[in-house]
Amino acid sequence: MRYDLVIFDNDGVLVDSEPISNRLLAAYLSELGHPTSYEESIRDYMGSAMHRIHELVLERTGQRLPDDFDDIFHSRVFAAFERELQPVAGITGVLEKLAADEVPYCVASSGSHERIRVGHRTTGLDQWFEETRIFSSQDVGRGKPAPDLFLYAAERMGVAPERCVVVEDSPLGVQAAVAAGMDVYGFTAMTPPTRLAQATQLFSGMGELADLLV
């Protein structure tokens, strides 16, 4: 094994949540008077912590999102997760191989602990991620593209950054991994490869990932 720790992003890498959450985010922002298409939501907000959505809207419009924006958005997302959410195709096989080979792994997500847990419980991935393997932007001061979250996860897992590899599908996540001094494999299922150009290597299907890790 080339690495001592595999750090997974969550949304779009473990759970196939990006189409759901960006569809709902675009609709909610439009409802609030900030017209946003699904494609624009993917481009601008995919991989973001919630605070970055607030910051971008304020920067672009001079208007603050409502105080209850996060709560309402998450309630809509969680309800949709219960109806629609699936694990990313092939990820269970990757986790099975890592477990069989006794390779340490964890998740480091821009999403809240509650969002991670709801997604994992709904898709059955909770069996692979006990609390000690779950890290959220809530745990650090700055979300991606700052390196803080990945460095925090590595520290908590007891592994030096240069011995870690990150699996990411967003430009913000790739930037964060590079800033943390970690290798990063960019998953191009939803993101054009050109937007993940900083990644150590790109792959388009989870079937390729296990081979890249060895």
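Taking 4.5 Å as the limit, every side-chain heavy atom of Ile116 sits out of range of all side-chain heavy atoms of Phe135. Under the 4.5 Å side-chain criterion, counting only non-hydrogen atoms from C-beta, Arg117 is in contact with Asp126. The side-chain heavy atoms of Thr122 and Glu82, taken from C-beta on, include a pair separated by under 4.5 Å. Phe187 places none of its side-chain heavy atoms less than 4.5 Å from the side chain of Leu196. Side-chain contact between Ile134 and His113 is present, with at least one heavy-atom pair separated by less than 4.5 Å. Residues Tyr185 and Leu209 are in side-chain contact: their nearest non-hydrogen atoms beyond the backbone lie under 4.5 Å apart. The closest side-chain heavy-atom distance from Met182 to Glu162 is not below 4.5 Å. Taking 4.5 Å as the limit, every side-chain heavy atom of Asp211 sits out of range of all side-chain heavy atoms of Phe203.
Not one N or O on the side chain of Arg64 forms a donor-acceptor pair closer than 3.5 Å with the backbone of Glu55. Distance alone, capped at 3.5 Å, places no donor-acceptor pair between the Ser110 side chain and the Ser137 backbone. Remark: side-chain polar atoms of Ser41 are not paired, donor with acceptor, to backbone N or O of Ser37 under 3.5 angstrom. The main-chain N or O of Ile72 is found under 3.5 Å from a side-chain atom of Ser75 such that the two form a donor-acceptor pair. Judged by distance alone, the side chain of Thr191 and the main-chain N or O of Asp169 form a donor-acceptor pair under 3.5 Å. Judged purely by atom type and a 3.5 angstrom limit, Glu168 has no side-chain atom pairing as donor or acceptor with the backbone of Ala177. No donor-acceptor pair closer than 3.5 Å links the side chain of Ser30 to the backbone N or O of Pro35. Although no hydrogens or angles enter the test, the distance criterion places a donor-acceptor pair under 3.5 Å between the side chain of Thr200 and the main chain of Val184.
Atom NE2 of His54 is separated from atom CG of Leu65 by 5.5 Å, given to the nearest 0.5 angstrom. To the nearest 0.5 Å, the span separating CD on Gln86 from CD on Glu84 amounts to 9.5 Å. Atom-to-atom distance recorded for Arg121:CZ and Phe81:CZ is 11.5 Å, nearest 0.5 angstrom. Within the model, atoms CE of Met190 and CG of Asn22 stand 6.5 Å from one another, a figure rounded to the nearest 0.5 Å. Atom CD of Glu40 is separated from atom CE of Met46 by 15.5 Å, given to the nearest 0.5 angstrom. Of the inter-residue distances, the one linking Phe150 atom CZ with Cys106 atom SG reads 9.0 Å to the nearest 0.5 angstrom.
Looking at Arg60 and Asp44, a side-chain N of the basic residue comes within less than 4.0 Å of a carboxylate O on the acidic one, giving a salt bridge. Here Lys144 pairs with Asp9 in a salt bridge; the nearest charged N to carboxylate O distance falls below 4.0 Å. Salt bridge Arg23/Glu18: absent, no basic N to carboxylate O contact under 4.0 Å. Ion pairing of Arg142 with Asp148 is present here, as a side-chain N (NZ or NE/NH1/NH2) and a carboxylate O approach within less than 4.0 Å.
A cation-pi arrangement, defined by a distance under 6.0 Å to the six-membered ring centre and an angle within 45 degrees of its axis, is present between Arg76 and Tyr28.
Annotation for Pro66 and Leu32: closest pair CD-CD1, 3.9 Å, computed over non-hydrogen atoms. For the residue pair Ala108 and Ala153, the shortest heavy atom distance occurs at CB-CB, 4.3 Å. Shown here for Ala180 and Leu151, the closest heavy-atom pair between the two residues is O-CD2, 3.7 Å.
By the neighbour-count criterion of 12 heavy atoms within 6.0 Å, atom CD of Glu102 is sparsely surrounded, having that number or fewer from other residues, nucleotides or ligands. Shown here is Asp67, whose CG atom has no more than 12 heavy atoms of other residues, nucleotides or ligands within 6.0 Å.
In the model, Arg115 has a side-chain atom that pairs as donor or acceptor with a side-chain atom of Ser21 under 3.5 Å. Ser204 and Glu208 are linked by a side-chain donor-acceptor pair at a separation below 3.5 angstrom, with hydrogens and angles left out of the test.
Side-chain heavy atoms closer than 4.5 Å link hydrophobic residues (I, L, V, M, F, W, Y) into clusters, and following such links, even through other members, never connects Val174 to Ile42. At a threshold of 4.5 Å between side-chain heavy atoms, the hydrophobic network of Ile, Leu, Val, Met, Phe, Trp and Tyr places Leu172 and Tyr152 in two separate groups. Both Leu95 and Val6 sit in one connected hydrophobic cluster of ILVMFWY residues. Membership requires side-chain heavy atoms under 4.5 Å apart, directly or through other members.
Each of Phe129, Tyr3, Trp128 was checked for a ring pair (Phe, Tyr, Trp, His ring centres under 6.0 Å) with Tyr105, and the lone residue meeting it is Phe129. A side chain to side chain contact (heavy atoms under 4.5 Å, CB included) with Leu25 is found for one member of Thr36, Ile53, Val77 and no other, namely Ile53.
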Check the pair Val13 / Val88 against side chain to side chain contact (heavy atoms under 4.5 Å, CB included), numbers first and verdict last. CA-CA 6 Å; Val13 171; Val88 167; 5.6 Å; no
Tell me, with the steps shown, if Ser17 and Asp11 meet side-chain hydrogen bond (donor to acceptor under 3.5 Å, both in side chains). CA-CA 5 Å; Ser17 54; Asp11 294 290; 2.4 Å; yes
Check the pair Asp183, Val166 against side chain to side chain contact (heavy atoms under 4.5 Å, CB included), reporting the backbone distance first and the verdict last. CA-CA 6 Å; Asp183 281 357; Val166 176; over 6 Å; no
Assess the residue pair Lys97 and Val103 against the criterion (side chain to side chain contact (heavy atoms under 4.5 Å, CB included)); give the C-alpha distance rounded to whole Å, side-chain angles, the decisive distance to 0.1 Å, and a yes or no. CA-CA 9 Å; Lys97 180 167 176 47; Val103 176; over 6 Å; no
Apply side chain to side chain contact (heavy atoms under 4.5 Å, CB included) to Arg2 and Leu213, showing your working. CA-CA 7 Å; Arg2 295 166 57 186; Leu213 293 173; over 6 Å; no
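Ring orientation note: the planes of Phe69 and Phe73 are close to parallel, at an angle under 30° on the 30°/60° scale.
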